[in-house]
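Working notes for the structure below.
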2 protein chains.
Amino acid sequence: MELTAGTAPTRRRDQILVEAARLFARHGFHGTSIDGIGAAAGVSGPAIYRHFPSKEGLLAEMLVGISEYLLDGARTIVAAHPDPGGRLTALVDFQVEFALTRPELITVQDRDLASLPDDSRRRVRALQRAYVEIWEDAIIRTGPPRDADQVRTAAHAAFGLINSTPRSAAHTSPEVAGAVLASMALAAVGA
Amino acid sequence: MELTAGTAPTRRRDQILVEAARLFARHGFHGTSIDGIGAAAGVSGPAIYRHFPSKEGLLAEMLVGISEYLLDGARTIVAAHPDPGGRLTALVDFQVEFALTRPELITVQDRDLASLPDDSRRRVRALQRAYVEIWEDAIIRTGPPRDADQVRTAAHAAFGLINSTPRSAAHTSPEVAGAVLASMALAAVGA
DNA sequence: CCGTCGTGTGAACGCTCGCTAACGTCTCGT
DNA sequence: ACGAGACGTTAGCGAGCGTTCACACGACGG
């Protein structure tokens with residue numbers, strides 16, 4: 001699962017995806033125009049339709065790609081870390097790394113999900129649910145016993161904490177921010 | 001600072017604000033039409049312009065109102081709690097209460113800030129900055145010494161954690177969610 | 001009783017947007 | 001050498017949007 005793939009013939013395509021993510025994060029899906037995306041990617045307007053079937057299709061590919069990347073990463077971590085403590089730490093580090101590296105994708109994912117067509121939205125939700133379940137399982141195996149609602153709330157709270165990056169890390173070094181977020185997240189889910 | 005005021009002559013106005021918040025939270029500012037807001041509020045389309053100067057003006061009043069409400073609440077807490085521990089706990093409880101009570105406002109505030117006209121956006125940002133500074137000050141006075149960047153990141157992370165409510169608390173009782181979020185937030189900022 | 005004001009209406013204007021159409025050009029495999 | 005296909009362009013369409021306009025109607029102070 002390569003999120004930044006780039007063999008020669010797909011360079012323009014990837015560029016469009018990157019610029020679209022930046023613009024969606026800044027202005028929202030409905031606040032971004034096809035012409036704007038094209039201009040940012042160095043082509044003009046309708047050239048986008050040579051690479052994507054529609055504006056919604058572009059968003060769909062972006063969000064499905066993110067969800068698959070995250071779920072894949074989480075599954076790899078589960079396989080590599082049988083011990084609960086190490087697994088949870090690795091999950092936290094993985095999410096922190098992603099949030100610090102691609103903050104625009106974090107923003108778009110939880111802001112413009114509702115703009116997806118029904119089938120893509122269901123697909124993304126299913127992937128997200130699987131991802132959350134891995135977290136919930138890791139949280140249950142660590143720390144004090146809690147009921148399902150508490151664990152669910154804790155998992156989402158941890159995501160919210162880590163994903164606060166786009167609002168705060170603009171002027172902070174990634175190393176400092178990453179260390180702070182990781183230790184805060186672990187302290188929070190251990191409470 | 002009354003967020004849900006409602007003397008007789010302003011009832012329609014408040015209803016419009018409430019419905020607009022719901023729709024903005026669901027579809028985003030640019031994804032919501034004036035006609036849609038009117039329909040949700042029981043009037044049709046252009047009647048909105050009897051109460052607000054423009055769609056942007058409506059959003060501005062909403063976001064400025066939220067920021068003022070929060071800052072006012074935080075200042076009251078500061079005055080009432082000179083001791084660092086009690087103050088931080090009260091700030092956390094206040095934010096948790098707000099996030100659980102009005103999740104749509106949380107969503108709109110950090111999603112559609114960029115859609116504000118320049119002057120309102122500056123005003124909201126100034127109010128938010130003052131609010132964050134109160135949190136930073138309370139965090140500094142509690143727990144281990146940290147530098148400015150760490151405290152800034154910690155404050156935003158705490159907001160992200162608490163404000164995760166709109167994504168998780170839909171099917172959980174407010175009491176359970178509130179308790180979990182408050183204890184997680186305190187554990188996180190103490191890390 | 002009446003003029004004014006607050007609040008509503010439907011019609012229309014002007015603009016922007018997503019998308020399609022028609023056409024040009026460069027790259028290649030045969 | 002040349003036809004095909006990938007990729008780009010500009011022009012234009014139809015729809016939806018925010019906003020304004022002209023008008024209607026009930027409440028109410030003089």
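Here is how names work: the chains are called A, B, and so on, in the same order as the sequence lines, proteins then strands, and each is numbered from 1.
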Establish whether the base of dG8(D) is bridged to the side chain of Arg50(A) by a donor-acceptor pair shorter than 3.5 Å.
yes
N/O donor-acceptor pairs under 3.5 Å from side chains in residues 150-159 of chain A, not counting sequence neighbours:
{"unit_1": "Gln150(A)", "atom_1": "OE1", "unit_2": "Asp147(A)", "atom_2": "N", "d": "3.1"}
{"unit_1": "Arg152(A)", "atom_1": "NH2", "unit_2": "Ser168(B)", "atom_2": "O", "d": "2.5"}
{"unit_1": "Thr153(A)", "atom_1": "OG1", "unit_2": "Asp149(A)", "atom_2": "O", "d": "2.9"}

What is the distance, to the nearest angstrom, from the CD atom on Glu56(A) to the C1' atom on dC17(C)?
14 Å
Run the salt bridge (Lys or Arg N to Asp or Glu O under 4.0 Å) test on Asp119(B) and Arg122(B) for me, step by step, so that the C-alpha distance in whole Å, both residues' side-chain angles and the decisive distance to 0.1 Å come before the verdict.
CA-CA 5 Å; Asp119(B) 55 345; Arg122(B) 270 195 292 272; over 6 Å; no
Heavy-atom contacts under 4.0 Å between residues 108-124 of chain B and DNA chain C, which residues?
none
Glu68(A) vs Arg123(A), salt bridge (Lys or Arg N to Asp or Glu O under 4.0 Å): CA-CA, chis, key distance, verdict
CA-CA 10 Å; Glu68(A) 284 175 343; Arg123(A) 178 146 173 63; 2.6 Å; yes
Which whole-number value in Å describes the distance from Ile16(A) CD1 to dG8(D) C1'?
11 Å
So, is His51(B) near the phosphate of dG8(C), with a side-chain N or O under 4.0 Å from OP1 or OP2?
yes
What are the residues of residues 31-47 of chain A, sorted by number, that bring a heavy atom to within less than 4.0 Å of DNA chain D?
Val43(A), Ser44(A), Pro46(A), Ala47(A)
Against the side chain of Lys55(A), the closest entry in dT19(D), dT9(C), dG18(C) is dG18(C)
Would a single hydrophobic cluster contain both Tyr131(B) and Val96(B), if residues Ile, Leu, Val, Met, Phe, Trp and Tyr are joined by side-chain heavy-atom contacts under 4.5 Å?
yes
Return the value, rounded to whole Å, for the distance between atom CZ of Phe52(B) and atom C1' of dT7(C).
14 Å
Evaluate the criterion side-chain contact (heavy atoms from CB on, under 4.5 Å) for residue pair Ile66(B) and Gln128(B); output intermediate values, then yes/no.
CA-CA 10 Å; Ile66(B) 297 169; Gln128(B) 288 181 338; over 6 Å; no
On a heavy-atom basis, which atom in Pro103(A) and which in Pro166(A) lie closest, and how many Å separate them?
O-CG, 3.7 Å
Close side-chain approach of Phe52(B) to Arg13(B), heavy-atom, < 4.5 Å
yes
Show every donor-acceptor pair shorter than 3.5 Å between a side-chain atom in residues 84-94 of chain A and any protein atom, with sequence neighbours excluded, or say none if there are none.
{"unit_1": "Arg87(A)", "atom_1": "NE", "unit_2": "His81(A)", "atom_2": "O", "d": "2.9"}
{"unit_1": "Arg87(A)", "atom_1": "NH2", "unit_2": "His81(A)", "atom_2": "O", "d": "3.2"}
{"unit_1": "Thr89(A)", "atom_1": "OG1", "unit_2": "Gly85(A)", "atom_2": "O", "d": "3.0"}

Tell me: NE2 of His27(B) to P of dG16(D), nearest whole Å?
16 Å
Rounded to the nearest angstrom, tell me the gap between atom CZ in Arg11(B) and atom P in dG6(C).
18 Å
Overall bend - the helix from dG3(C)-dC28(D) to dT30(C)-dA1(D), comparing terminal axes fitted on five pairs, nearest 10 degrees
10°
Once salt bridge (Lys or Arg N to Asp or Glu O under 4.0 Å) is applied, do any residues pair with Arg75(B), and if so which ones, sequence neighbours excluded?
none
When you check the side-chain N and O atoms of Gln109(B) and Ser67(B), is any donor under 3.5 Å from an acceptor?
yes
Whole-Å distance separating the CD1 atom of Ile48(B) from the C1' atom of dG18(D):
11 Å
Gln95(A) and its side-chain contact (heavy atoms from CB on, under 4.5 Å) partner, picked from Leu161(A), Thr165(A), Ile106(A)
Ile106(A)
Check this one for me: any side-chain N or O of Arg12(A) less than 4.0 Å away from OP1 or OP2 of dA6(D)?
no
